[in-house]
Amino acid sequence: MANGTRTYGGNERAMKIGIVGFAGSGKTTLFNALTGQDAPTGYGGTKINLGAIKVPDHRVDRLTEIDNPKKITYAEMTFADVPGGRGQQNLDPQTLGRIREMDALVQVIRGFDDGSGSVEPAAEQLSFEAELILSDMSIIEKRVEKLRKDRSDPNGLALLERCLTHLESEQPLRNLGLGAEELSTLSGFAFLSLKPLLLVLSVPEDAAGEPPPQALARAAEEKGLVFMPLCGAIESEIAALEPEDQREFLQDMGLDEPASSRFIRGAFAMLDLISFLTHGPDECRAWPLRRGSTAVEAADVIHSDIARGFIRAEVVAFNDMDALGSEAKCKEMGKFRVEGRDYIVQDGDICHFRFNV
Ligand SMILES: Nc1nc2c(ncn2[C@@H]2O[C@H](COP(=O)(O)OP(=O)(O)O)[C@@H](O)[C@H]2O)c(=O)[nH]1
Ligand SMILES: [Mg+2]
């Protein structure tokens, strides 16, 4: 089905976050902690590990309380553990190619002593970003050379030259302030330094509660990047516990939730995804949706038939449902809305789609 401007078939669920960084920085340890897998850690592996992760969502938990459904489903996203170049050497073409396929990146930076006696997270961050910048530069240089010769696309050339100047000043394309149209022109290149980036510092167990290193925190702030310290070993331990023991463990440490929950939500937001919710006696569920999507596009994420036969969306904001406790009460208080196909779905909208096929 097509409406002239967009082909349906939401690929929100296929979005992939790459866990990237140099070898030995703690990527696979983090990946295992997040996914509960047991991928081999230590140097040497070249295999890419893939794992789906449920996005923790208190709204689904609250709807579950209200509806007591047979099934509970959280939004999911995929993490890919991409092995990096050894030490801080150049990343090889295969690694760069793998990173290019990711929708967003989490760079893991080593914050523990690996026996070398040196821990330099700020330098490591910079050095990895430089690899991404160099890769983008070499792609642009080739293209610019061709466009200068054949003069086939003066506008494209001007845009690429602007990008090149920015990269030459050692800045990632992410912070060039490109507009939507420019981004769409450049999308085919899949530039590495344009991908959304989140920084994770892998810290040793005994430093989990300590303030993060100043230099890295400052660098992240200057670049406008979110930065989180995480201890893979502690997160694995928490993940392996039964829910009740988990709560107790966190309470003892004075935490509301594991660091990994905050991390996963941060990664999800980085993909520019929101969640809408569906509920009933059978299932309470969060669905990932690209920010700015319409009601009919949301319907399509559930099933193409619902989009094809779309009549209307009945919507209650989560906060209203949370406060009032039932759909009936929401109706009574005028919080129950009927929206058309072009309604822009908001994060936390509880939707019920009426359709006819
Ligand atoms: N002390 C400490 N060691 C870690 C931590 N994370 C990983 N390691 C160790 O560092 C080595 C490399 O970790 P790994 O996850 O395989 O790194 P990768 O090459 O980036 O995937 C392994 O021996 C891990 O046990 C951490 O947070 N603290
Ligand atoms: Mg690894």
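Nothing fancy with the numbering, it's 1 onward along the sequence. All heavy atoms count here, side chains included; hydrogens, waters and symmetry mates do not.
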Spacing of Ile17 atom CD1 and Phe268 atom CZ [to the nearest 0.5 Å]: 9.5 Å
Closest contact, heavy atoms only, Ala220 versus Phe227: CB-CB, 3.7 Å
Report the distance from atom CG of Leu91 to atom CG of Leu192, rounding to the nearest 0.5 Å. 9.0 Å
Looking at Asp272 and Arg291, does any basic side-chain N land under 4.0 Å from a carboxylate oxygen? yes
Please examine the side chains of Thr35 and Asp81, heavy atoms only from C-beta on, and report whether any two atoms are closer than 4.5 Å. no
When Ile, Leu, Val, Met, Phe, Trp and Tyr are grouped by side-chain heavy atoms lying under 4.5 Å apart, directly or through other members, which residues fall in the same group as Leu50? none
Hey, does the side chain of Asp67 reach the backbone of Pro69 with a donor-acceptor pair shorter than 3.5 angstrom? no
Does the side chain of Ile140 reach to within under 4.5 Å of the side chain of Phe191, using non-hydrogen atoms? yes
Does either side chain, that of Asp92 or that of Thr95, offer a donor lying less than 3.5 Å from an acceptor on the other one? yes
Among residues two or more places apart or on two chains, list those pairs meeting salt bridge (charged side-chain N to carboxylate O under 4.0 Å, His left out) that have a residue in residues 320-337. Arg62-Asp322, Lys329-Glu332, Arg337-Glu339, Arg337-Asp349
Smallest separation among heavy atoms of Pro204 and Phe112, with atom names: CD-CB, 3.8 Å
Pairwise distance CG(Asp347) to CG(Leu289) - rounded to 0.5 angstrom: 9.5 Å
same_hphob_cluster(Leu34, Val226) at 4.5 Å side-chain heavy-atom cutoff: yes
If you take all heavy atoms of Ser193 and Leu167, which pair is closest and at what distance? OG-CD2, 3.7 Å
Hey, mind stepping through Leu157 and Glu161 against side chain to side chain contact (heavy atoms under 4.5 Å, CB included) and telling me if it holds? CA-CA 6 Å; Leu157 177 60; Glu161 281 175 332; 4.0 Å; yes
Nearest-0.5 Å distance, CD1 of residue Ile99 to OG of residue Ser135: 8.5 Å
Examine His303 together with Phe353 and report whether their ring centres are nearer than 6.0 Å. no
What is the minimum heavy-atom distance between Gly340 and Phe310, and which atoms define it? C-CE2, 3.8 Å
With a 4.5 Å limit on heavy-atom distance, are the side chains of Leu164 and Met137 in contact? yes
Within the structure provided, determine whether Cys163 and Leu176 are in side-chain contact (heavy-atom separation under 4.5 Å). yes
Working to the nearest 0.5 angstrom, can you tell me the gap between Gln107 CD and Phe22 CZ? 7.5 Å
Can you tell if the side chain of Val108 reaches within under 4.5 Å of the side chain of Thr29, non-hydrogen atoms only? no
So which residues get pulled into Leu324's cluster when ILVMFWY side chains under 4.5 Å apart are joined, directly or through others? Met333
Is there a path of hydrophobic side-chain contacts, each under 4.5 Å between heavy atoms of I/L/V/M/F/W/Y residues, joining Tyr343 to Val301? yes
For Leu183, check side-chain contact (heavy atoms from CB on, under 4.5 Å) against everything at least two apart and list the hits. Leu178, Leu194
Sequence neighbours excluded and cut-off under 3.5 Å, please list the side-chain donor-acceptor pairs for residues 231-255, or say none.
{"unit_1": "Glu235", "atom_1": "OE1", "unit_2": "Ser260", "atom_2": "N", "d": "3.1"}
{"unit_1": "Glu235", "atom_1": "OE1", "unit_2": "Ser260", "atom_2": "OG", "d": "3.2"}
{"unit_1": "Glu235", "atom_1": "OE2", "unit_2": "Ala259", "atom_2": "N", "d": "3.4"}
{"unit_1": "Ser236", "atom_1": "OG", "unit_2": "Gly232", "atom_2": "O", "d": "2.8"}
{"unit_1": "Gln246", "atom_1": "NE2", "unit_2": "Ile238", "atom_2": "O", "d": "3.0"}

Just do the side chain to side chain contact (heavy atoms under 4.5 Å, CB included) check on Val82 and Lys27 with the steps written out, would you? CA-CA 8 Å; Val82 183; Lys27 297 182 296 299; 6.0 Å; no
Does some side-chain heavy atom of Ser275 sit less than 4.5 Å from a side-chain heavy atom of Arg59? yes
Counting C-beta onward and ignoring hydrogens, is there a side-chain heavy-atom pair between Ser116 and Arg110 closer than 4.5 Å? yes
Go through it in stages, so that I can follow the logic: the residues are Leu277 and His279, the test is side chain to side chain contact (heavy atoms under 4.5 Å, CB included), and I'd like the CA-CA distance, side-chain angles, deciding distance and then a yes or no. CA-CA 7 Å; Leu277 307 155; His279 76 125; over 6 Å; no
Do you know the tightest heavy-atom contact between Met321 and Ile350? CB-CD1, 3.6 Å
Is there a donor-acceptor pair closer than 3.5 Å between any side-chain N or O of Gln346 and the backbone N or O of Ile344? yes
List for me each residue that meets side chain to side chain donor-acceptor pair (under 3.5 Å) alongside Ser187, sequence neighbours excluded, and say none if there are none. none
Donor-acceptor contact below 3.5 Å, side chain Thr64 vs main chain Val60: yes
N/O donor-acceptor pairs under 3.5 Å from side chains in residues 196-203, not counting sequence neighbours:
{"unit_1": "Ser202", "atom_1": "OG", "unit_2": "Ser25", "atom_2": "O", "d": "2.6"}
{"unit_1": "Ser202", "atom_1": "OG", "unit_2": "Ile109", "atom_2": "O", "d": "3.2"}

For His352, ring-ring contact (aromatic ring centres under 6.0 Å, His included) partners two or more places apart: none
I need the minimum non-hydrogen distance between Arg312 and Val338, along with the two atoms involved. CD-CG1, 3.4 Å
Just by modelled atom types, is the Ala190 backbone N or O under 3.5 Å from a matching donor or acceptor in the Arg100 side chain? yes
Verify the neighbour count for atom CD of Glu221: are there more than 12 heavy atoms of other residues, nucleotides or ligands below 6.0 Å? no
Going hydrophobic residue to hydrophobic residue with side-chain gaps under 4.5 angstrom, can you get from Ile274 over to Val315? yes
By side-chain contact (heavy atoms from CB on, under 4.5 Å), Lys70 pairs with (sequence neighbours left out) Asp282
For residues Trp287 and Leu63: do they belong to one hydrophobic cluster (side chain heavy atoms under 4.5 Å, members Ile, Leu, Val, Met, Phe, Trp, Tyr)? no
Rounded distance [0.5 Å steps], CD in Glu145 versus CG in Asp150: 11.0 Å
Who pairs with Asp103 by side-chain contact (heavy atoms from CB on, under 4.5 Å), at least two apart in sequence or on another chain? Met15, Lys16, Leu271
Taking C-beta and beyond as the side chain, do Leu186 and Leu160 meet within less than 4.5 Å on heavy atoms? yes
Carefully, step by step, assess Asp61 and Tyr74 under the rule side chain to side chain contact (heavy atoms under 4.5 Å, CB included). CA-CA 9 Å; Asp61 302 335; Tyr74 295 90; 2.3 Å; yes
For Pro56, which residues count as a side-chain contact (heavy atoms from CB on, under 4.5 Å) partner, sequence neighbours excluded? Ser261, Ile264, Arg265
May I ask whether Met77 and Ile72 are part of the same hydrophobic cluster, defined by side-chain heavy atoms of I, L, V, M, F, W, Y residues being less than 4.5 angstrom apart, directly or through others? no
Could you list all the salt bridge (charged side-chain N to carboxylate O under 4.0 Å, His left out) pairs where at least one residue sits in residues 167-181, not counting sequence neighbours? Glu129-Arg174
